[in-house]
Structures are given as C-alpha cells and as structure tokens.
Undergrad: 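Sharing a structure below in structure tokens format, with a few things to ask.
We name chains A, B, ... by the order of the sequence lines, and we start the count at 1 in each one. The figures that follow rest on heavy atoms only: side chains count, while hydrogens, waters and symmetry mates do not.
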Protein chains: 2
Amino acid sequence: METKPEPLRPDMFADPDCSAGLQPFRFGDKWSGMVMRCLEDGRRRFSELRVALHRVTPKVLTETLRAMERDGFVKRTSYDENPPRVEYELTALGRSALQPMNAACDWARTHRPELVAARDADPEHGRG
Amino acid sequence: METKPEPLRPDMFADPDCSAGLQPFRFGDKWSGMVMRCLEDGRRRFSELRVALHRVTPKVLTETLRAMERDGFVKRTSYDENPPRVEYELTALGRSALQPMNAACDWARTHRPELVAARDADPEHGRG
DNA sequence: CTGCATCCGATCCGATACTG
DNA sequence: CAGTATCGGATCGGATGCAG
C-alpha cells in the first residue's frame, strides 16, 4: 500500500448499493464508509477525497478523518512542503475492517430487490 | 420461530462488544441493532423490548420498529384483545441480515484491544 | 399494554468565509 | 493545498403527559 494507486473517479459513489442510501448498515458517521472505499487502494490526498466524496465540505471531511484517525483506522502523514501536502492511508486495523464492511455490502447487493420491494409497499415510501 | 423463546434478560446489553459503544458499525439508527438481537430467538412483545433495551422511551421504540417494519426486517402482529397485545418478529430478510451483523460483531470482538488502544492513545479520549 | 402528542436539548452536517 | 471559524437548518432521540 505504499505506491500511488489509480486516481479516484468522481462518480465512484454513483452506485447506490454501497452508498449511504438504501442499505441499513452504516460505518460510523455519514462519510466514513466512503472514506474507507477511497483509501482501500492506497494513500490519498485531502483534495482527492474531497472530489470523490461528492463535494463534501472541508470541515466535515476533516472531522471525519480526525475521528477515523483517533479510532485507529487511518494514518495521517503531513509533508512539510509548500504548497502543503497531506496524505491519508488505512492502518492495518482499517484494512481489516474492510472484511465485515464487504460482507455488509454483499448482503445489500444480494437483497436489494427485497429492500426495494419493502419500500415500495409502504405508502409513505420514505423515512419520515 | 413460532414458539415462545426464553425471556430477555434485562442486562443483555451489558456486554459492550455488540452494543453501540465502541464498534464503528451501526445497523440503521441507534436501537435497530439491539432490536435485531432481541428478536433473533423469536417473537417478542413491545414491553419485553422496552425493558431489554435499557428503558428506551416508547416513542423512540415505536419509531424504530416502524422503520424496521417499513424496510421489511420486522413483522408486526396485533392481537385484538384487552389489554392489547402486539408481537414483533424478524422476517426472512431480517434474519438474513443477522449474518453480516454477526460478521461485524465478530470483527469488533477480535479487534477490541486495538480499538481500546487507539482511544487511549488519543489525548481527548472521546469523540468531540 | 401499546402506543401518540408535544416539547426540547444534543448532534449532525452543510454553507460560507477566511488563513498559513 | 489543507485546513479553521462561524453560523444555521435538519434530524435524532429523550422527557413528559395523555389515550384507546
């Protein structure tokens, strides 16, 4: 995980299966799961994450990354250059958490028809 | 899952491993994961859930159960008696979701020492 | 017993503006 | 580039009281 991976596609969360939309599992707060996905192929810069994560504001992204760092999922490396450069990567603990996360995503993919059917059967058809 | 199971112990969520405390995975909202655990051995009445779920208020428990019902995880059965009796049980979809949920709980149990160590290493030692 | 109505504090999260 | 500071809306969830 030390080499530079492929750039993140800005539409990488267009697929609703593993986004925060339908599936009932969440990894931490709203963005943490997507940050995990962004980092699973290697280290990323702050700006790379911003564009992949649907224009999340820097405040919220910073909060998310700080929380993940505090919990031991992410390691932050700051290079003392100008302009500044900061890179984030998953720790061993963070990478190990990809396993149950994938189990949850696989489950959501498999059962998506039933999930959609349950929502459609409800008159309100949305949370609220 | 049609027979009456053992009564729920009020301390069934004293173990922090699978509660909403340390682990970064959440199943839906605050109480849904614990409701899943309460229902995994069979049908339960509203009041049974209330005591097992640490005195959750009826408003919040109702909201939780309605959401799970709408999403197809729980089936609600109301018996037209006096005093009223209502029972909740997992659907086939809900039972299938126990698998990824157990994967997440197993992961949290396995990695608890690292999770605790990460928190202890942080000066703030708490979210915020 | 099983809720519903109302109020309210806490938290989340986005918008905007500014800084080294 | 990588944040910080401030504001405010939206949602969550708990307390209390009432109803069928």
Side-chain angles (χ1 to χ4, degrees), chain A residues 4 7-8 13 19-21 24-35 38-39 43-71 74-89 124 126-128, chain B residues 4 7-8 13 19-21 24-35 38-39 43-71 74-89 124 126-128:
Chain A
K4 203 77 175 185
L8 294 174
F13 292 114
S19 75
F25 293 96
R26 275 186 62 181
F27 187 91
D29 54 24
K30 176 172 179 179
W31 298 100
S32 300
M34 287 183 263
V35 169
C38 288
L39 297 180
R43 349 167 70 168
R44 300 289 181 185
R45 299 184 59 162
F46 190 84
S47 299
E48 288 185 278
L49 299 176
R50 275 193 77 178
V51 305
L53 295 176
H54 289 173
R55 310 222 171 268
V56 61
T57 63
K59 172 197 166 235
V60 172
L61 181 55
T62 300
E63 288 170 355
T64 302
L65 289 166
R66 292 283 189 275
M68 295 177 75
E69 192 187 358
R70 183 209 59 200
D71 287 343
V74 162
K75 179 164 176 292
R76 176 181 182 273
T77 307
S78 170
Y79 301 89
D80 210 1
E81 305 170 353
N82 197 312
R85 181 166 59 100
V86 178
E87 288 185 341
Y88 296 90
E89 62 188 314
E124 311 261 341
R127 203 171 261 252
Chain B
K4 203 77 176 184
L8 294 175
F13 293 114
S19 74
F25 294 97
R26 276 185 62 182
F27 188 90
D29 55 23
K30 176 171 179 179
W31 299 100
S32 300
M34 287 182 263
V35 170
C38 288
L39 297 180
R43 349 167 71 168
R44 301 288 182 185
R45 299 185 58 163
F46 190 83
S47 300
E48 289 185 277
L49 299 176
R50 274 192 77 179
V51 305
L53 295 175
H54 289 172
R55 309 223 170 269
V56 61
T57 63
K59 173 201 167 230
V60 172
L61 181 55
T62 300
E63 288 170 355
T64 302
L65 289 166
R66 291 284 189 275
M68 295 177 75
E69 192 187 358
R70 182 209 59 199
D71 287 343
V74 162
K75 180 166 175 291
R76 176 181 182 274
T77 307
S78 170
Y79 302 89
D80 210 0
E81 307 170 351
N82 198 311
R85 179 166 60 102
V86 178
E87 287 186 340
Y88 295 90
E89 63 188 312
E124 311 262 340
R127 201 170 262 251

Undergrad: R45(B) side chain N/O closer than 4.0 Å to the phosphate oxygens (OP1, OP2) of dT2(C)?
TA: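 For dT2(C), OP1/OP2 do have a side-chain N/O of R45(B) under 4.0 Å.
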Undergrad: Calculate the interatomic distance between H54(B) atom NE2 and dG14(D) atom P; express it in whole Å.
TA: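 Distance, rounded to whole Å: 12 Å.
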Undergrad: Report yes if the side chains of P58(A) and F46(A) come closer than 4.5 Å at any heavy-atom pair, otherwise no.
TA: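 In short, these two side chains touch, coming nearer than 4.5 Å.
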Undergrad: Measure CG/N82(A) against C1'/dC1(D) and give the value in whole Å, please.
TA: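 So the two atoms are 9 Å apart, to the nearest Å.
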Undergrad: Do you know which two heavy atoms are closest between L8(A) and C38(A), and how far apart they sit?
TA: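 That would be CD2-O, 3.7 Å.
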Undergrad: Below 4.0 angstrom from OP1 or OP2 of dA2(D), is there any side-chain N or O of S47(A)?
TA: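 It does, given that an N or O in the side chain of S47(A) lies less than 4.0 Å from OP1 or OP2 of dA2(D).
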Undergrad: Which whole-number value in Å describes the distance from R26(A) CZ to dT11(D) C1'?
TA: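 In whole Å, dT11(D) C1' and R26(A) CZ are 11 Å from each other.
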Undergrad: Tell me whether the side-chain N/O atoms of K30(B) come closer than 4.0 Å to OP1 or OP2 in dT11(C).
TA: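 No, K30(B) has no side-chain N/O under 4.0 Å of OP1/OP2 on dT11(C).
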Undergrad: Rounded to whole Å, how long is the line connecting atom CG of D29(B) with atom P of dC12(C)?
TA: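 Rounded to whole Å, this separation is 15 Å.
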Undergrad: E48(B) pairs by salt bridge (Lys or Arg N to Asp or Glu O under 4.0 Å) with which of R44(B), R45(B), R50(B)?
TA: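 In the set R44(B), R45(B), R50(B), the residue that makes a salt bridge (Lys or Arg N to Asp or Glu O under 4.0 Å) with E48(B) is R44(B).
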Undergrad: Distance check needed: dG3(D) P versus R85(A) CZ, whole Å only.
TA: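 Atom-to-atom, R85(A) to dG3(D), this comes out as 13 Å.
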Undergrad: Nearest whole angstrom, please: distance from the C1' of dT2(C) to the CD of E69(B).
TA: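 Rounded to the whole Å, the gap is 14 Å.
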Undergrad: Rounded to the nearest angstrom, tell me the gap between atom CZ in F27(A) and atom P in dC12(C).
TA: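 From F27(A) CZ to dC12(C) P: 16 Å.
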Undergrad: How do V60(A) and P84(A) order along DNA chain C: which one's closest nucleotide is nearer the 5' end?
TA: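 Checking each residue's closest nucleotide, the 5'-ward one belongs to V60(A).
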Undergrad: E89(A) versus E87(A): any side-chain heavy-atom pair under 4.5 Å?
TA: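 No. Closest side-chain heavy atoms not under 4.5 Å.
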Undergrad: Going through the distances and angles, do R43(B) and T77(B) end up as a side-chain contact (heavy atoms from CB on, under 4.5 Å)?
TA: CA-CA 10 Å; R43(B) 349 167 71 168; T77(B) 307; 4.0 Å; yes
Undergrad: Would you mind reporting whether L49(A) and L65(A) have side-chain heavy atoms less than 4.5 Å apart?
TA: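 Yes, close enough: below the 4.5 Å cut-off.
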Undergrad: Please report, rounded to the nearest Å, how far the P atom of dG14(D) is from the CG atom of L61(B).
TA: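 That distance rounds to 11 Å.
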Undergrad: Salt bridge or not between E69(B) and R76(B)? Use side-chain N to carboxylate O under 4.0 Å.
TA: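 No.
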Undergrad: Check the interface with nucleotides 3-8 of chain C: list each N/O to N/O pair with the protein under 3.5 Å, or write none.
TA:
unit_1 : atom_1 : unit_2 : atom_2 : d
dG3(C) : OP1    : R76(B) : NH2    : 2.7
dG3(C) : OP2    : Y88(B) : OH     : 2.7
dC4(C) : OP1    : R66(B) : NH2    : 3.3

